[in-house]
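These notes are about the structure you will find just below.
Note that this is a predicted model, so its numbers are computed, not measured.
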Amino acid sequence: MKIGIIYFNGRTSYLTWGQMGTLISVLNNQNCHQVKVFHIEENKVEAAVETIKDYRPDFILIYLKFKTYAAMQIFLENFFECHICVCYSLPTIFPLKLLKENYMIDSLIRGEIEDTLVELTNRLEHKQPLYGCKGVIFRNSAGEIVDNGIRTTGVQYAALPYAERESFPTDKRFFHILASRGCIGSCSFCSRDTVYKFGKKSCFQLFRPIKNVVDEIDELVKKYQCKYIGFSDSTFCGNINGKYGIQRLRELYNELKKRDFRIEFFLNLRSEQITANLVAMLRDLVQVGLSMVFVGFESFVPADLKVYNKIASVENNLHAAELLVHTSELSPYYLNIEYGFINFNPYSTVSGICININTLMRLHIGLSPMDVTSIVDVRYGCRLYDKVLADGLCTQEINLYTQSVAFKFINKDVGLLYQRLKMAFQNYEINIPGGFASLYNRYIFFYGTTQLSNDIRALYISLKSKQTDYTFKLFDFIVNSLNEPEKIVEEGCQQFNSDYYHLKNIYILFASKYCRLMAELTRINELSYY
């Protein structure tokens with residue numbers, strides 16, 4: 001069969017490309033299909049249709065997200081010459097609504113895709129009926145919608161081939177790798193693992209052997225001169241009390257230490273996993289390329305953590321932050337600690353928001369306007385959406401064009417505070433690069449400690465510190481001015497202009513040094529990403 005895989009470029013997504021790459025490798029391993037990927041710009045759908053018609057596919061698979069639903073509808077209006085199947089998050093959450101609104105779709109896949117797609121394409125190739133093909137909902141010859149039920153047997157994840165990379169745009173230096181599938185958590189706001197969790201009775205995480213993962217990195221280094229890896233697992237370690245806790249980090253360290261190349265990388269962890277022993281392991285990993293760790297705190301308010309259905313408690317978050325706060329102070333390398341944080345949700349209180357910000361200040365882990373104005377993303381298919389809907393807080397009807405749902409705050413003062421904070425920081429133009437540690441560490445590895453590295457590190461630390469001070473002062477002023485008229489608040493915000501200009505001057509100087517650092521890495525062809 002000639003298979004065409006459609007991806008609408010609503011937004012660059014290295015993670016999605018990696019997932020699709022695995023799917024293509026699975027199909028290629030069947031040795032009986034010809035597979036081609038088509039990236040379609042949302043404003044060029046009709047022109048792309050003609051190219052796809054020239055390819056003459058027997059089967060079209062559309063990777064469908066909420067944000068690309070409109071583009072898919074335009075595609076369907078212009079293409080009808082073969083079996084069309086859709087998969088990924090939107091079909092998993094709203095299968096029947098999707099089929100009823102789009103009669104040109106012949107079938108869809110819910111949940112994990114690989115095994116279902118192999119069976120579906122094999123049945124179509126041999127002209128076998130689709131009845132009984134688990135994981136598939138299809139439209140029969142009479143136009144009736146037939147649900148074959150859930151495919152309960154998951155894929156053998158450790159046995160999956162490496163992701164095919166040739167079909168996707170890349171800067172040839174930076175790749176995402178999934179070393180696991182699924183997540184042990186069940187956060188009420190998260191929809192990322194919708195496809196993998198569908199039909200599962202409990203939270204789960206499937207792991208690839210670490211050697212298998214690092215062997216894939218070997219291939220990327222040899223084939224593409226890869227310099228930077230994003231481990232995009234929801235959490236890299238899994239259950240801290242189980243088989244895949246700190247031992248998994250130790251295996252990664254041992255495997256990377258054997259390699260004769262330098263690779264920078266980041267990974268995600270959960271705050272309840274953070275122990276003194278784990279932090280010590282992170283310090284070792286920095287020596288072989290770890291440059292950033294992301295930890296999802298979300299809040300330091302018990303009521304918020306309950307809304308988010310977090311496993312971690314406030315005590316877990318505080319303990320993790322206290323352990324991590326000094327971890328970045330390594331020599332000669334730098335480890336960037338980023339944290340997930342949600343300051344506003346439909347059930348927030350002003351006192352809870354103040355506890356959050358004051359705690360971040362006390363812990364000295366950094367504060368930015370983005371943290372202060374962060375707001376939960378309520379998405380279809382998530383438990384939080386069900387709660388917000390039941391409580392009458394949704395302010396829009398269900399549609400397939402956007403995954404996020406607008407909502408209102410229970411507490412009117414919280415709504416006012418949110419709007420005033422957004423107003424106060426609307427002209428904030430400073431964007432500290434998240435990849436600083438990666439490039440800095442790479443520079444140190446190849447050049448050693450120099451005046452440039454000393455200068456840029458000092459500027460980076462100063463920039464983060466000044467940003468924290470500026471953000472907190474402005475936040476504190478607005479909280480204490482909630483009862484004042486908006487005009488008075490706007491005039492009061494002007495007193496912080498001098499602080500902002502001073503901060504911006506530091507940023508300009510930092511950006512200049514940062515460009516010099518990148519130029520030095522470019523000169524020896526060791527820039528980790530563009």
Side-chain angles (χ1 to χ4, degrees), residues 183-193 203 234-235 240 268-275 293-325 337-379 382-388 391 393 404-422 424-425 464 467-468 471-472 474-476 478-479 482:
C183 182
I184 59 173
S186 186
C187 298
S188 65
F189 55 83
C190 182
S191 64
R192 181 183 147 174
D193 288 312
C203 299
S234 294
T235 178
I240 194 65
N268 302 319
L269 296 173
R270 301 178 63 87
S271 70
E272 68 269 15
Q273 297 174 315
I274 308 298
T275 64
V293 171
F294 179 90
V295 181
F297 293 139
E298 318 315 345
S299 178
F300 297 96
V301 178
D304 287 347
L305 295 180
K306 185 176 180 180
V307 168
Y308 303 144
N309 198 41
K310 297 291 291 185
I311 295 175
S313 64
V314 171
E315 290 72 25
N316 289 143
N317 285 345
L318 292 172
H319 181 61
E322 288 163 358
L323 285 172
L324 290 169
V325 66
I337 306 296
E338 291 195 2
Y339 57 88
F341 189 68
I342 306 172
N343 205 24
F344 286 85
N345 67 67
Y347 308 94
S348 293
T349 63
V350 173
S351 61
I353 290 165
C354 291
I355 289 172
N356 274 332
I357 302 305
N358 288 325
T359 303
L360 289 174
M361 285 296 294
R362 177 172 61 82
L363 292 169
H364 303 291
I365 60 175
L367 184 65
S368 72
M370 185 179 295
D371 299 320
V372 168
T373 59
S374 58
I375 186 169
V376 71
D377 192 8
V378 179
R379 297 185 168 194
C382 297
R383 294 174 60 178
L384 184 56
Y385 167 72
D386 295 334
K387 176 176 173 56
V388 172
D391 292 340
L393 299 176
S404 300
V405 182
F407 62 84
K408 58 187 176 182
F409 298 102
I410 284 181
N411 188 310
K412 292 183 179 180
D413 283 343
V414 170
L416 178 61
L417 176 59
Y418 179 72
Q419 292 301 325
R420 288 190 170 180
L421 287 171
K422 291 287 286 185
F425 292 114
K464 298 269 283 190
Q467 177 180 254
T468 295
T471 303
F472 181 75
L474 194 45
F475 168 81
D476 191 55
I478 291 175
V479 167
L482 267 185

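Of all the heavy atoms in K387 and Y347, the pair that sits closest is CG-OH, 3.3 Å. The heavy-atom pair separating I342 from V376 by the smallest distance is CG2-N, 3.3 Å. The heavy-atom pair separating L323 from I274 by the smallest distance is CD1-O, 3.8 Å. Among all heavy-atom pairs drawn from C382 and S188, the shortest one is CB-O, 3.1 Å. Taking both residues in full, the closest heavy atoms of R383 and S186 are given as NH1-OG, 3.6 Å, listed atom of the first, atom of the second, then distance. Among all heavy-atom pairs drawn from V301 and G352, the shortest one is CG2-O, 3.3 Å.
Inter-residue side-chain proximity for N345 and F407 is flagged as unmet; no heavy-atom pair is nearer than 4.5 Å. Inter-residue side-chain proximity for S271 and H319 is flagged as unmet; no heavy-atom pair is nearer than 4.5 Å. Between L363 and V325 there is no side-chain heavy-atom pair separated by less than 4.5 Å. Side-chain contact between F472 and L360 is absent, with no heavy atoms from C-beta onward closer than 4.5 Å.
Side-chain atoms of N356 and S299 include a donor-acceptor pair closer than 3.5 Å. Remark: the S313 side chain and the N316 side chain contain an N/O donor-acceptor pair separated by less than 3.5 Å. Y339 and N317 share no side-chain donor-acceptor pair at under 3.5 Å. A donor atom on one side chain and an acceptor atom on the other are not found under 3.5 Å apart for D371 and S374. In this model, no donor atom of one side chain and acceptor atom of the other lie less than 3.5 Å apart for R270 and T235.
The distance from atom CZ of F297 to atom CD1 of I365, rounded to the nearest 0.5 Å, is 5.0 Å. Atoms CD1 and CD, from I311 and E272 in turn, are 5.0 Å apart once rounded to the nearest 0.5 Å. Note that the CG atom of D391 and the CG atom of D386 stand 11.0 Å from one another [nearest 0.5 Å]. Separating the CG atom in N309 from the CD atom in E298 is a distance of 12.0 Å, to the nearest 0.5 Å. We find the CG-CE distance between L367 and M361 to be 6.5 Å, quoted to the nearest 0.5 Å. Here the CZ-CD1 distance, from F300 to I357, works out to 9.5 Å after rounding to the nearest 0.5 Å.
Using modelled atom types, one side-chain atom of N358 and one backbone atom of C354 make a donor-acceptor pair closer than 3.5 Å. Listed for the T468 side chain is no donor-acceptor partner under 3.5 Å among the backbone atoms of G366. The backbone N or O of L421 sits nowhere less than 3.5 Å from a side-chain atom of T373 that would complete a donor-acceptor pair.
The side chain to side chain contact (heavy atoms under 4.5 Å, CB included) check on V414 picks up F344, S348, V350, I353, F409, N411, with sequence neighbours excluded. Not counting sequence neighbours, E322 has no partner by the side chain to side chain donor-acceptor pair (under 3.5 Å) test. Considering only residues two or more places apart in sequence or on other chains, C190 meets the side chain to side chain contact (heavy atoms under 4.5 Å, CB included) condition with C187, R192.
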